[in-house]
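Computed from a predicted structure; not experimentally measured.
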Amino acid sequence: MTDTRALAAQALADVALRGASLRDAMERYAPKLPDARDRALLMALLSDGARWWLRFDAALDRLLDKPLRQKEPTIHALLVLGLVQLEILQLPDYAAVAATVQAAKALQRPRFAGLVNAVLRRWQRERAELLAALDAKPQTRHAHPAWLARAIGRDWPAQADAVMASDNLEPPLMLRVNRRRTDRESLIERLRLDGYTADAHPWLADGIVLPHSTDITRMPGFAAGEFAVQDGAAQIAGDLADLKRGQRVLDACAAPGGKACHLLEREDIALTALEFEPKRAQRITQNLDRLGLKADIVIGDAGDPPAWWDGQAFDRILIDAPCSATGVMRRRPDVRLHRRDSDIAPLVAQQRRILEALWPLLAPGGKLLYITCSLLREENEAVVNDWLERHQDARAAGFSLPAGQPAAVGWQVLPGDGDLDGMYYAVLEKS
């Protein structure tokens with residue numbers, strides 16, 4: 001029998017110390033566990049291990065005489081998971097410690113079993129003092145990298161603590177009903193009859209909210225393409241696009257295709273889904289096929305239209321711009337481990353390049369949606385504001401949403417606003 005905690009330690013070491021994505025780690029390690037309950041525990045350990053790594057990794061510097069990160073990365077990750085079990089999952093102390101010690105043996109590191117036991121027992125004895133030290137700094141209090149904690153404090157001083165605290169809460173599972181296949185009320189009724197707690201989102205017309213994540217492939221309606229998973233913040237694009245039948249629409253940087261599918265569910269349009277990476281474009285095809293939708297999928301660089309554009313203007317353009325993903329860390333906790341301060345300037349340059357390249361493709365009277373899943377002003381309103389100053393044929397449309405707050409230009413939803421992910425929207429109209 002495979003030890004779930006040992007497997008989780010190997011996976012977490014891959015994510016936190018070797019740069020693997022959380023998704024890739026789950027896809028690699030979960031198939032080794034035949035029992036669904038073990039896979040659920042693996043996901044909980046791995047998600048919370050990534051989410052709280054920067055807190056408990058720092059704690060181990062106080063608990064260990066010699067660091068283990070380099071020489072024994074899997075044991076280091078196992079110790080982080082031991083602290084996660086005690087503090088976050090709040091498993092019984094004896095069970096968490098005993099199971100973590102056993103995992104060290106399952107990893108064929110029996111000589112570290114005593115060390116694992118000693119470190120976790122010391123944490124229990126010195127817990128109050130250690131927690132006070134970790135809580136003294138925003139980066140270890142909220143398990144955010146120091147550069148990002150500073151950036152959030154700078155950009156959103158009044159909301160900084162609430163934003164970082166929200167990043168560490170389990171988000172609800174949000175679905176988007178496929179209007180082409182069913183209606184929201186019917187789907188909710190079937191979900192409830194099947195034992196799920198499901199409610200209509202209060203202001204997103206296609207949104208359904210479930211309190212916890214689950215295996216969506218087992219839910220009624222999934223195989224028939226009656227719904228997709230999509231956070232409510234991303235569903236806002238369906239309203240702001242203001243679609244009309246017959247319009248030509250470009251979804252730039254389209255993978256995995258959530259927004260493209262939503263637009264096709266909403267209206268009869270001719271949609272081009274543009275994606276730079278062929279492998280990611282395959283996910284667009286998979287989502288379209290399951291939902292029974294059709295689009296023209298094009299592989300190309302959004303910043304180089306002559307290489308793929310047919311010369312016909314678009315009535316609507318969505319730029320879901322490459323960004324830091326700092327708005328979706330509650331759903332993708334590994335972002336905080338992999339993103340660096342030095343990444344932001346190149347991302348901003350890419351955002352400006354794409355916006356500049358795609359504006360000429362928009363028909364007069366058309367609308368362009370500039371979207372990021374970032375909460376950093378540098379990637380959002382600063383990009384759009386600077387661009388508007390240099391384009392006399394463009395204006396920013398005013399709008400408001402039931403969640404979030406107005407930015408200098410556009411609208412910012414911060415993580416946790418309305419229990420949504422963080423996302424920025426600007427609507428640019430061409431005269």
Side-chain angles (χ1 to χ4, degrees), residues 15-16 19 21-23 47-48 50-55 137-171 174 230-234 236-237 253 255-256 258-259 319-352 354-355 369-385 401 403-426:
V15 172
S21 74
L22 190 62
R23 176 180 178 143
S47 294
D48 279 329
R51 183 173 285 115
W52 291 101
W53 177 274
L54 293 172
R55 180 173 174 85
K137 296 180 180 179
Q139 60 264 37
T140 47
R141 180 167 67 250
H142 296 298
H144 283 56
W147 74 266
L148 182 57
R150 289 193 299 269
I152 296 171
R154 177 194 67 224
D155 285 359
W156 305 100
Q159 300 98 329
D161 272 332
V163 165
M164 288 188 281
S166 178
D167 284 341
N168 292 326
L169 299 176
E170 180 194 3
M174 299 194 68
Q230 188 180 43
D231 186 75
I236 292 169
C253 318
K259 296 181 181 68
I319 300 177
D320 197 353
C323 72
S324 63
T326 47
V328 295
M329 291 193 301
R330 64 180 191 160
R331 209 170 291 279
R332 293 174 53 194
D334 51 328
V335 168
R336 70 187 76 191
L337 302 179
H338 300 152
R339 185 63 66 207
R340 301 288 182 266
D341 192 11
S342 57
D343 296 337
I344 305 304
L347 285 168
V348 169
Q350 180 78 327
Q351 292 154 6
R352 294 176 186 274
I354 291 173
L355 185 53
L369 270 64
Y370 177 84
I371 309 165
T372 79
C373 54
S374 170
L375 49 73
L376 302 180
R377 294 182 188 269
E378 184 179 358
E379 297 181 86
N380 298 338
E381 60 197 66
V383 169
V384 176
N385 206 38
L401 299 171
Q405 46 268 307
V409 57
W411 193 270
Q412 180 74 58
V413 178
L414 294 173
D417 287 347
D419 213 6
L420 303 176
D421 287 347
M423 195 155 287
Y424 172 81
Y425 281 97

Gap between atom [atom2] of [Y] and atom [atom1] of [X] - 0.5 Å precision:
X	Y	atom1	atom2	answer
S21	H338	OG	NE2	7.5 Å
Q139	R141	CD	CZ	9.0 Å
R51	L337	CZ	CG	11.0 Å

*asked:* My understanding is that only one of E379, E378, R339 makes a side chain to side chain donor-acceptor pair (under 3.5 Å) with S324; could you say which?
replied: E379
*Pair L369-K259, side chain to side chain contact (heavy atoms under 4.5 Å, CB included): steps then yes or no*: CA-CA 12 Å; L369 270 64; K259 296 181 181 68; over 6 Å; no
Hydrogens and angles aside, do [X] and [Y] bring a side-chain donor and acceptor to less than 3.5 Å of each other?
X	Y	result
H142	D161	yes
T372	Q351	no
R377	N385	no

Can you check whether [Y]'s main-chain N or O pairs, donor with acceptor, with [X]'s side chain at less than 3.5 Å?
X	Y	value
Y425	A233	yes
R336	D167	yes
D231	D421	yes

*Thinking salt bridges, do D343 and R340 make one under a 4.0 Å N-O criterion?*
no
*Between D419 and R330, does at least one N-O distance fall below 4.0 Å, as a salt bridge requires?*
yes
Please list every donor-acceptor pair under 3.5 Å in which a side-chain atom of residues 404-414 meets a protein atom from a residue at least two apart or in another chain.
residue	atom	partner	partner atom	Å
Q405	NE2	Q412	O	3.0
Q405	NE2	D417	OD2	3.0
W411	NE1	A403	O	2.7
Q412	OE1	N380	ND2	3.0
Q412	NE2	S374	O	3.2
Q412	NE2	M423	O	3.4

*asked:* Counting C-beta onward and ignoring hydrogens, is there a side-chain heavy-atom pair between L375 and I152 closer than 4.5 Å?
replied: yes
Nearest heavy-atom pair of [X] and [Y]: which atoms, and what distance?
X	Y	value
L22	A50	CD1-CB, 4.5 Å
S47	P333	O-CG, 3.7 Å
M164	P138	CE-CB, 4.5 Å

*Crowding at CZ, R332 (>12 non-hydrogen neighbours, <6.0 Å)*: no
*May I have the step-by-step check of side chain to side chain contact (heavy atoms under 4.5 Å, CB included) for I319 and L355, ending in yes or no?*
CA-CA 7 Å; I319 300 177; L355 185 53; 3.8 Å; yes
*Assess whether side chain to side chain contact (heavy atoms under 4.5 Å, CB included) is satisfied between L376 and L148, documenting all intermediate values.*
CA-CA 9 Å; L376 302 180; L148 182 57; 4.2 Å; yes
